[in-house]
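Input: a single structure, listed below in structure tokens.
Letters go in sequence order (proteins before strands), and every chain restarts at 1.
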Amino acid sequence: MVFSVYNTMTRRVEPFEPIAKDFVRMYCCGPTVYNFAHIGNLRTYVFEDVLRRTLEFAGYRVRHVMNVTDVGHLTDDGDDGEDKMLKSSKETGRDVYEIARLYTEAFFADTDALHILRPETACRATEHIGDMIALIKRLEEGGHTYQAGGNVYFSIDTFPQYGELARLNLDELRSGARIDVDVNKRNPKDFTLWFTNSKFENQAMLWDSPWGRGYPGWHIECSAMSMKYLGETFDIHCGGIDHIPVHHTNEIAQSEAATGKPWVRYWIHGEFLLSDKGKMSKSKGEFLTLHVLVKKGYDPMDYRYFCLGGHYRSQLQFSWQSMDSARNARRNLFDRVVELKQKAKPAAVLSVEAQRYLDLFTEHLGADLNAPRGLADMWNLLKDPTVVDGEKLACLYQMDRILGFNLEDIPSEIKEEPSAPEEIQLLLEERLKAKREKNYTRADELRAIVEGAGYQLKDTPNGTTVTKSCNQNQG
RNA sequence: GGUGCCGUACCCAAGUGGUAAGGGACAGGUCUGCAAAACCUCUAUGCACCGGUUCGAAUCCGGUCGGCACCUCCA
């Protein structure tokens with residue numbers, strides 16, 4: 001399978017070639033665990049999951065590393081603003097470590113529900129402070145740092161390629177009216193590697209360092225941990241597009257300044273999910289979580305389907321109408337799969353026709369992860385009368401290795417409906433009697449009563465079933 | 001103010017020079033006492049608008065209008 005992908009560094013779709021044959025080292029920027037992940041965050045993890053699954057489908061072994069940012073970070077990049085962990089701690093009255101643990105668990109519960117494969121290594125920032133200090137020391141030895149006002153800063157003027165990823169024009173940025181520039185900085189774009197003398201009361205997360213007791217800047221963890229687990233040069237680094245101008249730009253500077261080597265070969269960024277009020281953001285307060293979606297009656301797979309319906313490099317507009325659309329599509333898909341399972345076993349070998357669909361599918365996913373196109377290929381397969389059921393099933397299972405709906409796990413038997421209350425059962429019996437007597441007026445009256453009580457009736461050859469109308473989970 | 005992206009049917013959304021994927025919704029049909037489910041069929045001579053290049057443009061170029069993102073913590 002051919003795989004090519006858009007590299008933010010070159011702004012082009014490039015053929016993918018890992019450093020080692022058949023082995024891919026991939027680092028994904030993980031969650032900050034001071035709050036729940038919102039569905040916009042989760043869109044990025046779905047995209048990264050599709051990326052990983054596509055690489056694995058293509059035959060690569062993928063070493064997937066992700067950080068968990070449990071160190072408090074400031075609400076801006078200077079030495080002011082508010083520590084978000086601390087803020088959350090204050091608001092909830094919990095210990096900062098407890099906050100981190102709580103939201104880390106919540107994060108993985110969400111990603112599990114979305115069938116996002118867990119990274120091989122999920123590393124906590126707080127457990128790698130020593131690695132960060134070592135990296136800062138290395139930068140210090142190389143003359144890339146300076147101390148001022150108690151903090152250690154990275155000097156971007158010691159790294160000529162600074163801003164290459166984001167194509168920053170430093171002259172223009174410098175002349176731009178930036179408010180509240182940290183007076184300690186020699187260059188406004190310099191960033192902090194290590195903070196000391198925290199100005200925050202009750203600062204709970206502090207570590208000793210050669211520069212004093214304090215805590216790391218918010219970019220250093222990704223450099224330190226990615227290099228620890230993946231080496232000083234690795235294949236893929238991904239995250240949301242918002243990371244391009246600051247976070248990833250600074251990570252490159254400190255990593256490459258420290259090692260003198262190219263750090264990452266492919267930068268892959270996912271676009272934002274937008275709500276009708278613009279992008280979703282943790283710090284703006286209100287945001288939608290997966291939990292809210294589930295409470296409203298959506299299956300997590302509905303959201304996964306929704307995400308797959310748009311290309312990862314395009315902004316995707318969230319709306320309830322779109323969610324309903326995705327839910328219906330996903331249910332239709334699952335229903336078809338159940339039907340196929342009841343009729344056939346997956347074929348051991350694919351026919352030429354079935355293989356053609358799989359080839360198209362992998363071609364489309366291989367071309368910069370065109371998941372919407374892959375979904376279309378899947379539907380075309382399902383609708384093709386020339387492909388027999390067993391082959392459809394086998395082909396679907398192959399596609400599902402990337403799509404991640406876990407189609408093989410869908411129960412092929414019709415679920416036992418929870419029985420309705422006794423008074424409803426009595427009404428149903430009465431209706432059945434009316435039907436037998438061909439008193440359809442009475443039967444329809446009874447249908448109306450039962451439906452009015454919140455139940456949906458379905459007459460099947462095997463009898464009448466009732467389902468609670470508001471229970472819309474699992475089609 | 002600077003930078004970049006986008007505008008495709010009722011909705012979502014692929015397609016980036018060769019004659020408009022897919023899903024949802026709607027409608028019609030088969031089936032059914034009715035309803036549901038299922039299956040089938042149908043929905044853009046046209047891709048914001050105007051002009052240009054080309055044998056050929058949704059795709060390239062110029063302009064106009066509209067929407068969005070980033071430049072500040074954010075996936």
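Regarding A/Asp242, its CG atom lies at a distance of 22 Å from the P atom of B/U3, rounded to whole Å. At whole-Å resolution of the value, NE2 in A/His38 and P in B/A75 are 6 Å apart. The CG atom of A/Leu360 sits 14 Å away from the C1' atom of B/A14 (whole-angstrom rounding). Look at CG on A/Leu274: it is 14 Å from C1' on B/C12, rounded to the nearest Å. B/A75 atom P lies 13 Å from atom OH of A/Tyr303, rounded to whole Å. Atom NZ of A/Lys435 and atom P of B/A35 are 13 Å apart (whole Å). Atom-to-atom, NE2 of A/His237 to P of B/A75 comes out at 13 Å; the value is rounded to the nearest Å. Across the protein-nucleic acid pair, A/Leu51 atom CG and B/A75 atom P stand 19 Å apart, rounded to whole Å.
Applying the salt bridge (charged side-chain N to carboxylate O under 4.0 Å, His left out) test to residues at least two apart or on different chains, the pairs with a partner in residues 38-51 of chain A are A/Asp49-A/Arg53, A/Asp49-A/Arg304. The list of salt bridge (charged side-chain N to carboxylate O under 4.0 Å, His left out) pairs with a residue in residues 361-370 of chain A, not counting sequence neighbours, reads A/Arg313-A/Asp368. For residues 380-393 of chain A, the set of pairs meeting the salt bridge (charged side-chain N to carboxylate O under 4.0 Å, His left out) definition, not counting sequence neighbours, comprises A/Lys343-A/Asp389.
Contact check for A/Ile236 versus A/Cys238: side-chain heavy atoms found under the 4.5 Å cut-off. Side-chain contact check for A/Lys296 versus A/Val292: some heavy-atom pair is nearer than 4.5 Å.
With P as the reference atom, B/G63 and B/G18 are 25 Å apart, rounded to whole Å. A gap of 8 Å separates the C1' atoms of B/A48 and B/C65, to the nearest Å. With both ends at atom C1', the span from B/A75 to B/C61 equals 36 Å, rounded to whole Å. Comparing the P positions of B/C12 and B/A25 gives a spacing of 15 Å, expressed to the nearest Å. When the C1' atom is used for both B/U53 and B/G17, the distance is 12 Å, rounded to whole Å. Annotation: B/C31 and B/C40 have their C1' atoms spaced 12 Å apart (nearest Å). Nucleotides B/G23 and B/C50 have their P atoms positioned 31 Å apart, rounded to a whole Å. Straight-line distance between the P atoms of B/U3 and B/U72: roughly 15 Å, to the nearest whole Å.
If you check every strand for non-hydrogen atoms under 4.0 Å, A/His243 touches sugar and phosphate atoms only. Within 4.0 Å (heavy atoms only), A/His247 reaches no atom of the nucleic acid at all. Note on A/Ser319: nothing from the nucleic acid sits closer than 4.0 angstrom, heavy atoms only. Within the nucleic acid shown, A/Arg336 comes within 4.0 Å of sugar-phosphate atoms alone, with no base atom in reach, counting heavy atoms only. Counting non-hydrogen atoms under 4.0 angstrom, A/Leu333 reaches nothing in the nucleic acid.
Of the candidates B/C70, B/G33, B/A75, the closest approach to any side-chain atom of A/Thr32 belongs to B/A75. Taking every side-chain heavy atom of A/His311 into account, B/A14 is the closest of B/C34, B/A14, B/C68.
Residues A/Ser322 and A/Gly270 both approach RNA chain B. Their nearest nucleotides, taken by heavy-atom distance, put A/Ser322 toward the 5′ side. Nearer the 5' end of RNA chain B, as judged by each residue's closest nucleotide, is the contact made by A/Asn370, out of A/Asn370 and A/Cys29.
A/Ser314 has a side-chain polar atom (N or O) that falls below the 4.0 Å cut-off from OP1 or OP2 of B/A14.
A donor and an acceptor atom, one from each side chain of A/His219 and A/His248, are nowhere located under 3.5 Å apart. In this model, a donor atom of one side chain and an acceptor atom of the other lie less than 3.5 Å apart for A/Ser223 and A/Gln254. Side-chain atoms of A/Asp70 and A/Thr126 include a donor-acceptor pair closer than 3.5 Å. Side-chain contact, A/Asp377 with A/His364: a donor N or O sits under 3.5 Å from an acceptor N or O. Side-chain contact annotation: A/Asp110 with A/Tyr45, donor-acceptor N/O pair under 3.5 Å absent.
Geometrically, A/Arg330 engages A/Phe334 in a cation-pi contact, judged by NZ or CZ lying under 6.0 Å from the ring centre and within 45° of the ring axis. Cation-pi geometry between A/Arg327 and A/Tyr298 is satisfied (NZ or CZ under 6.0 Å from the ring centre, within 45° of the ring normal).
Using a cutoff of 4.0 Å between basic side-chain nitrogens and carboxylate oxygens, A/Arg431 and A/Glu445 are not scored as salt-bridged.
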- Task: Please test A/Glu105 against A/Arg101 for salt bridge (Lys or Arg N to Asp or Glu O under 4.0 Å), starting from the C-alpha separation and ending with a verdict.
- Result: CA-CA 6 Å; A/Glu105 277 172 18; A/Arg101 190 183 51 76; 3.3 Å; yes
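Proximity of residues 111-125 of chain A to RNA chain B (heavy atom under 4.0 angstrom from any strand atom) is not detected for any residue.
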For nucleotides 22-24 of chain B, print each protein N/O atom paired with a nucleotide N/O atom at under 3.5 Å, atom names and distance only.
unit_1, atom_1, unit_2, atom_2, d
B/G23, OP1, A/Lys383, NZ, 2.9
B/G23, N2, A/Ser325, OG, 3.4
B/G24, OP1, A/Asn332, OD1, 2.5
B/G24, O4', A/Ser325, OG, 3.3
B/G24, O3', A/Asn328, ND2, 3.2

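Counting only Watson-Crick and G-U wobble pairs whose two key distances fall under 3.5 Å, RNA chain B forms stems of three or more stacked pairs at B:1-7 with B:65-71, B:10-12 with B:22-24, B:27-30 with B:38-41, B:48-52 with B:60-64.
A donor and an acceptor atom sit less than 3.5 Å apart, one in the side chain of A/Arg447 and one in the base of B/A35.
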